[in-house]
Amino acid sequence: MDQDRPQTDAPRWGATNPHLAVPGPGGPAWTAPAAQPAPGHAASAPDGDAAPTAPGSPYAAPASPYSAPAPGGWGQAAPPPPPGWGPPAPARRRGIGGYVAVALATAVIAAVLAFSGGVVAGAGIGASVAGELASNGPIPAASTKPGDPNSFGLFTEAWDILRKNYVDQKALDSKDITYGAIRGMTDAIGDTEHTRFLTPEDLARQEADLSGSFAGIGAVLSEVDSELIVQSVIPGTPAERAGVKAGDRILAVDGADTTGKSVDDVVREVRGDEGTQVTLTLVRKGGSDPFDVTITRAVIAVPAVSWAMYPGTDTAVIRLEQFQADSGKDMVEALKAAKLAGATKFALDLRANPGGYVGEAVEVASQFLDGGTVYIQQDAKGVRKEVPALSNGEARTQPLVVLVDAGSASSSEIVSGALQDAGRAKIVGEKTFGTGTVLTPFKLSDGSALYVGTTEWLTPKGNEIWRKGITPDVVVAIPDTGRIVVPSEFADLGLDGIVKADDAQLQRAIELLAQE
């Protein structure tokens, strides 16, 4: 999913979509109309957007003349943040690498992120959708002239024929047909799984995902070359305990073939009540033999920020799992605590981070920047707007290395791109996912919504990220025998255990910081 955070860029957890750029909670409180305007009437929205600000953030957004709606509505402030994330005990496996380079959209089995990417199946990244809403604009009236390519006359003509002639009249459910028509319209654009239509149920799942807690299995799903792939597995979740790994291809859910289904479709099937079971038929990356894995669903709490001192050094490794509500605030607290513990250098781990609220990306990047631009917004007409860094960051001068991989998407790419262009940090790892458009939500009268890619984001130097990704300054891949080591494991593993885990990217980052 940000709205000003104006958009989100969330992956799908549980099946989650990590790359959905959407305005985030705490952004400009712009209200969206409760219902679509009548034909010919435009629903207005403010021009521009306020500086992104996370709930409870020490950085105040400029005063806005637009009032926030009552709780529960679009454009309102997000609900209270979820309880603090607990550090996962088990280790996270390495990301997908170059395997997901083509994927632009993923679904969350319990969450959706701001720009593109994966969806968490059974994991939730939750935060209500709020923030900058673009104008819905005038709604054209349907033309009565059949065949007019610039009107809805042809659609009306086809609908009338079905209604008058279809043999099974009971099957003509107007809502189902309308929803199908809207999906067909968004699919025809070709921005698959990004610009899209969400039913009220889909929207509720997405909001739950961004909240940081949901019921599912804890795997991020993504679509790559028309195949459903596990993009990453959240540490300490049922999916990891069951042996699901990044790169696994999903052939079936409870025996039902996934061919032709969207990430959202599969997320719906994978998600379910806590304590119930779901069976996935998988094929391991590099293998050919399908196998079944039965997983018991559970409530997933996605950890936002965790940190630990790397043994024997003055370097703090800070890991950000996703850009959910209050991620910026959590980052500030982590940096303060790390400095009190003696940290003078930092390794920011954004690997397998699917993204989230754009406003949170601004807050996180601002902790390491002494002014300047975080990213550039570019609209359909090519008009650009620079989004500045906030002031008084916690770690503006300390040596810094940023870790990324193919699972780093959306807001992760905004942050890494900003720090790279500013010469503030070396980027270590593998080329990132390549998500670069911001989705603006348009609420429809029945509670459903359209998520429309309205702007593209660029790095401060004007480099495109969409479909290209961020290329690291130091390219390092994790060996097949290695895995990502997260800060919560440092105490148990000790220095020898961390080295034996063969996290080549982390080791290279520590080496570079030792030279500072």
Side-chain angles (χ1 to χ4, degrees), residues 83-95 234-236 301-323 326-353 363-370 392-405 408 412 415-416 419 424-429 472-474 476 478 482-516:
W85 301 100
R92 175 189 288 276
R93 294 293 301 174
R94 61 175 299 190
I234 301 171
V302 182
V305 178
S306 61
W307 73 275
M309 296 297 294
Y310 190 88
T313 74
D314 57 354
T315 294
V317 179
I318 300 182
R319 181 170 176 82
L320 181 58
E321 294 289 344
Q322 67 184 16
F323 290 82
D326 282 342
S327 292
K329 179 181 177 181
D330 292 344
M331 180 61 66
V332 171
E333 293 174 353
L335 288 168
K336 287 181 176 179
K339 288 195 293 185
L340 286 175
T344 62
K345 303 172 184 178
F346 296 97
L348 176 61
D349 190 351
L350 299 179
R351 292 175 295 178
N353 183 318
E363 291 214 25
V364 169
S366 297
Q367 301 313 311
F368 305 98
L369 292 171
D370 191 9
N392 301 318
E394 284 293 328
R396 291 168 291 164
T397 60
Q398 291 86 348
L400 175 68
V401 168
V402 179
L403 293 163
V404 298
D405 63 9
S408 304
S412 297
V415 171
S416 55
L419 297 176
R424 177 66 185 85
K426 282 188 172 64
I427 311 300
V428 174
D473 300 297
V474 181
V476 180
I478 295 181
R483 65 179 178 85
I484 290 176
V485 179
V486 297
S488 58
E489 298 181 275
F490 287 5
D492 291 336
L493 291 177
L495 181 58
D496 289 344
I498 295 173
V499 173
K500 289 179 181 177
D502 207 8
D503 185 342
Q505 294 165 342
L506 176 60
Q507 294 304 315
R508 184 61 176 138
I510 298 301
E511 291 171 2
L512 290 170
L513 288 169
Q515 298 169 12
E516 294 286 342

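Ion pairing between a basic and an acidic side chain is recognised when a charged N comes within 4.0 Å of a carboxylate O; Glu333 and Lys336 show no such pairing. Taking the charged nitrogens against the carboxylate oxygens, Arg319 and Asp349 do have a contact shorter than 4.0 Å, which makes a salt bridge. A salt bridge is defined here as a Lys NZ or Arg NE, NH1 or NH2 lying under 4.0 Å from an Asp or Glu carboxylate O, and Glu516 with Lys345 fails to meet this definition.
Looking only at side-chain heavy atoms (C-beta outward), Ile318 and Val305 come within less than 4.5 Å of each other. Ile478 has its side chain within reach of Arg351: a pair of non-hydrogen atoms, C-beta onward, lies under 4.5 Å apart. Put simply, the side chain of Leu350 reaches to within 4.5 Å of the side chain of Val402, judged on heavy atoms. Side-chain atoms of Val485 and Phe490, non-hydrogen and from C-beta on, do get closer than 4.5 Å to each other. Residues Phe323 and Glu363 fail the side-chain proximity criterion, which asks for heavy atoms closer than 4.5 Å. For the pair Val401 and Thr315, the minimum side-chain heavy-atom distance is 4.5 Å or more.
Once rounded to the nearest 0.5 Å, the distance linking CG of Leu340 with CG of Leu335 reads 11.0 Å. Here the CE atom belonging to Met331 is positioned 13.0 Å from the CG atom belonging to Asp326, to the nearest 0.5 angstrom. For the atom pair CG of Asp503 and CG of Leu403, the computed distance is 7.5 Å after rounding to the nearest 0.5 Å. Taking CG of Leu348 as the reference point, atom CD1 of Ile427 lies at 8.5 Å (rounded to 0.5 Å). One distance of note links CG of Asn392 with CG of Asp370; it measures 9.5 Å at 0.5 Å rounding.
Checking side-chain atoms of Arg424 against main-chain N and O of Phe368 turns up a donor-acceptor pair under 3.5 Å. At distances below 3.5 Å, at least one donor-acceptor pair connects side-chain atoms of Asp405 with backbone N or O atoms of Ala352. Put simply, the side chain of Gln367 gets close to the backbone of Glu394: a donor and an acceptor are under 3.5 Å apart.
Around atom NZ of Lys426, no more than 12 heavy atoms belonging to other residues, nucleotides or ligands sit under 6.0 Å away.
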Does the side chain to side chain contact (heavy atoms under 4.5 Å, CB included) test come out yes or no for Gln507 and Ile498, once each step is laid out?
-> CA-CA 9 Å; Gln507 294 304 315; Ile498 295 173; 3.7 Å; yes
Residue pair Tyr310, Leu513: steps toward the side chain to side chain contact (heavy atoms under 4.5 Å, CB included) verdict | CA-CA 11 Å; Tyr310 190 88; Leu513 288 169; over 6 Å; no
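When each of Ser412, Ser408, Ser327 is checked for a side-chain hydrogen bond (donor to acceptor under 3.5 Å, both in side chains) with Asn353, only Ser412 meets the rule.
The nearest pair of heavy atoms linking Pro311 to Gly494 is CG-C, 4.4 Å. The two residues Arg483 and Leu493 have their closest heavy-atom pair at NH2-CD1, 3.9 Å.
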